[in-house]
Amino acid sequence: MALSPDDEIHALQIQAGILGRKAGHAFEDKITDEINSLIYPFPVDQPLNSHVSIGDPAKTLLAYVASTLRATTVLSARALSTGALATSEEGKKWLEHNGVPIRRCKSDLLLTVTTEVNDQRTFGISTKQCNNKTPTNAQLYFTTARGFSRLLQDNGIEVTKNAVLAMRQFCGDAGFRPLDSAPHLSGRLTDPRRFFWEEIDFDGRKEWENLFSSQQDFITRLLLQKAYLDDPFTPDFVLHKTKNASSWNTTEVAVYSIDELIAHSKAYAGFAVKPYAVRKGSYRDPAGILHSAPRFGVVQMQRGGQAQHPDQLQFNLEAGYFYKIKQTRP
């Protein structure tokens with residue numbers, strides 16, 4: 001007999017139960033299981049005044065959201081892991097919002113909470129995790145040169161043909177590479193499969209640098225929160241497992257509202273380029289040659305370069321950014 005959902009979130013939970021657990025989403029699943037099995041009301045003993053803390057990630061998340069609401073008690077809470085649903089073929093058949101299937105969702109968790117100071121509210125949570133001994137870069141957004149340009153255009157930022165050309169050169173799109181033009185290959189000592197940032201079309205590069213400088217907060221928000229059109233579950237918070245932990249209760253996590261992370265990122269740094277050299281792979285740089293790596297705030301941008309997606313554009317959160325930006329909450 002089919003279950004009858006009480007509301008939309010309950011319906012999603014029913015669908016999640018039918019789908020079962022998916023590999024690669026254990027962190028979200030464990031948080032979901034714990035929040036749904038806690039005994040409520042859940043008291044928040046003291047407000048979390050730091051973005052980085054050690055302890056049970058599920059309880060840390062609950063306490064953080066509650067303190068953001070200026071609440072001291074969570075009267076009830078429900079959680080749903082959307083990651084496995086939205087990324088699996090089976091999930092695409094089940095996950096819906098107002099009758100419309102959801103194929104991409106920036107929120108990995110949905111958290112519905114009721115506190116003594118507010119009625120029931122649902123928040124989207126974007127999760128990141130690192131299981132190495134020390135923090136590594138965290139992938140933020142993966143697209144193409146034209147896809148990123150279209151994202152900005154769809155959200156009201158003008159991007160000229162020169163800028164699109166320059167970004168396609170940076171990513172190494174077919175037809176826009178040094179190897180596609182004999183003059184560009186003449187005497188070239190570096191990777192012929194793409195142009196580096198300092199080599200791309202001058203006018204297009206200057207346009208991008210101006211955009212990343214003047215629209216840093218807005219572009220950072222797009223990458224964190226609004227990368228998919230018509231996404232009904234845009235993230236309100238980021239929960240980041242910083243590194244490997246010996247146990248669940250000794251897990252270090254960093255938690256930010258989207259607004260907090262954007263503000264801290266801007267305060268940390270504006271647009272800049274960092275010099276680097278290619279020291280690995282088939283096309284290592286000769287001695288003395290350096291390239292420019294573009295970045296803004298805690299966001300780094302690079303050509304994907306993976307074998308299956310060599311010409312993709314990849315945005316990452318800088319390794320250990322949570323140690324480098326402001327850790328105390330406003």
Side-chain angles (χ1 to χ4, degrees), residues 104 106 137-229 270-278 280-285 289-318:
R104 294 186 297 183
K106 282 291 282 185
N137 289 347
Q139 184 172 301
L140 180 59
Y141 190 52
F142 202 57
T143 184
T144 63
R146 285 179 290 180
F148 180 60
S149 301
R150 191 162 51 248
L151 173 67
L152 269 57
Q153 292 167 335
D154 288 342
N155 285 277
I157 297 179
E158 182 182 358
V159 180
T160 69
K161 291 183 179 179
N162 275 346
V164 177
L165 163 66
M167 194 62 77
R168 297 190 74 179
Q169 291 175 327
F170 179 71
C171 291
D173 282 1
F176 297 83
R177 305 166 295 184
L179 61 83
D180 297 316
S181 172
H184 287 132
L185 274 180
S186 178
R188 187 174 181 85
L189 301 177
T190 57
D191 194 340
R193 300 169 299 177
R194 50 80 60 96
F195 288 98
F196 293 91
W197 188 256
E198 68 278 2
E199 298 176 317
I200 61 178
D201 178 82
F202 179 82
D203 291 336
R205 174 164 59 85
K206 289 302 180 183
E207 181 177 335
W208 282 116
E209 292 177 352
N210 178 64
L211 282 177
F212 290 135
S213 296
S214 63
Q215 301 286 338
Q216 178 177 338
D217 286 359
F218 189 64
I219 293 174
T220 303
R221 182 177 296 279
L222 291 178
L223 297 173
L224 284 166
Q225 188 177 49
K226 299 181 181 296
Y228 305 133
L229 292 176
F271 176 82
V273 293
K274 182 178 180 180
Y276 77 100
V278 178
K280 298 179 181 180
S282 303
Y283 298 97
R284 302 181 186 185
D285 287 330
I289 290 183
L290 293 175
H291 306 295
S292 298
R295 56 182 60 207
F296 47 97
V298 298
V299 179
Q300 301 174 335
M301 186 178 75
Q302 65 187 58
R303 175 181 185 262
Q306 295 88 344
Q308 66 274 34
H309 301 294
D311 55 357
Q312 293 287 89
L313 183 62
Q314 182 172 317
F315 293 89
N316 297 321
L317 294 172
E318 181 180 339

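All of these numbers come straight from a predicted model, not from anything done at the bench. FYI, side chains are in, hydrogens and waters are out, and symmetry mates aren't considered; it's all heavy atoms of this structure.
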**Q** Between Pro294 and Phe271, is there a side-chain heavy-atom distance shorter than 4.5 Å?
**A** yes

**Q** Decide yes or no for Ile219 and Val299: does some side-chain heavy atom of the first lie under 4.5 Å from some side-chain heavy atom of the second?
**A** no

**Q** Only one of His291, Arg194, Arg188 forms a side chain to side chain donor-acceptor pair (under 3.5 Å) with Glu199, so which one is it?
**A** Arg188

**Q** Just wondering, do Gln312 and Thr144 contact through their side chains at under 4.5 Å, heavy atoms?
**A** yes

**Q** Within a radius of less than 6.0 Å around CZ of Arg150, do more than 12 heavy atoms belonging to other residues, nucleotides or ligands occur?
**A** no

**Q** Taking the side chain as every heavy atom from C-beta outward, state whether Thr190 and Val278 have any pair of such atoms under 4.5 Å apart.
**A** no

**Q** Write down the atom of Leu185, the atom of Pro178, and the distance for their closest heavy-atom approach.
**A** CG-O, 3.4 Å

**Q** For Gln300 and Asn137, work out which heavy atoms get closest and say how close.
**A** OE1-ND2, 3.3 Å

**Q** Which residue pairs satisfy the salt bridge (charged side-chain N to carboxylate O under 4.0 Å, His left out) criterion with at least one member in residues 208-217, sequence neighbours excluded?
**A** Arg205-Glu209, Lys206-Glu209

**Q** So do the side chains of Val159 and Phe148 get within less than 4.5 Å of each other, counting heavy atoms only?
**A** no

**Q** Once you round to the nearest 0.5 Å, how far does CG of Leu317 lie from CD of Gln139?
**A** 10.0 Å

**Q** Starting at CG of Leu290, measure out to CG of Asp285 and round the result to the nearest 0.5 Å.
**A** 8.0 Å

**Q** Any idea which heavy atoms bring Glu318 and Gly297 closest together, and the distance?
**A** OE1-O, 4.2 Å

**Q** Kindly say whether Thr160 contributes a backbone atom to a donor-acceptor pair with the side chain of Glu207 at under 3.5 angstrom?
**A** yes

**Q** Could you check whether the rings of Phe296 and Phe212 sit parallel, tilted or perpendicular, using 30° and 60° as the cut-offs?
**A** parallel

**Q** Do Asp311 and Phe176 come close enough that some side-chain heavy atom pair is under 4.5 Å?
**A** no

**Q** How far does CZ of Phe142 sit from CG of Leu140, to the nearest 0.5 angstrom?
**A** 12.5 Å

**Q** Give a yes or no on whether Arg146 atom CZ has more than 12 heavy-atom contacts from other residues, nucleotides or ligands under 6.0 Å away.
**A** no

**Q** Kindly compute the distance separating OG (Ser149) from CH2 (Trp208), expressed to the nearest 0.5 Å.
**A** 4.0 Å

**Q** Mind listing the side-chain donor-acceptor pairs of residues 161-174 below 3.5 Å, one per line with the distance, residues two or more places apart or on another chain?
**A**
residue	atom	partner	partner atom	Å
Arg168	NE	Asp173	OD2	2.8
Gln169	OE1	Asp201	N	2.8

**Q** Out of curiosity, Ser292 OG to Ile200 CD1, how far, rounded to the nearest 0.5 Å?
**A** 10.0 Å

**Q** How many angstroms lie between atom CD of Gln302 and atom CD of Gln314, to the nearest 0.5 angstrom?
**A** 4.5 Å

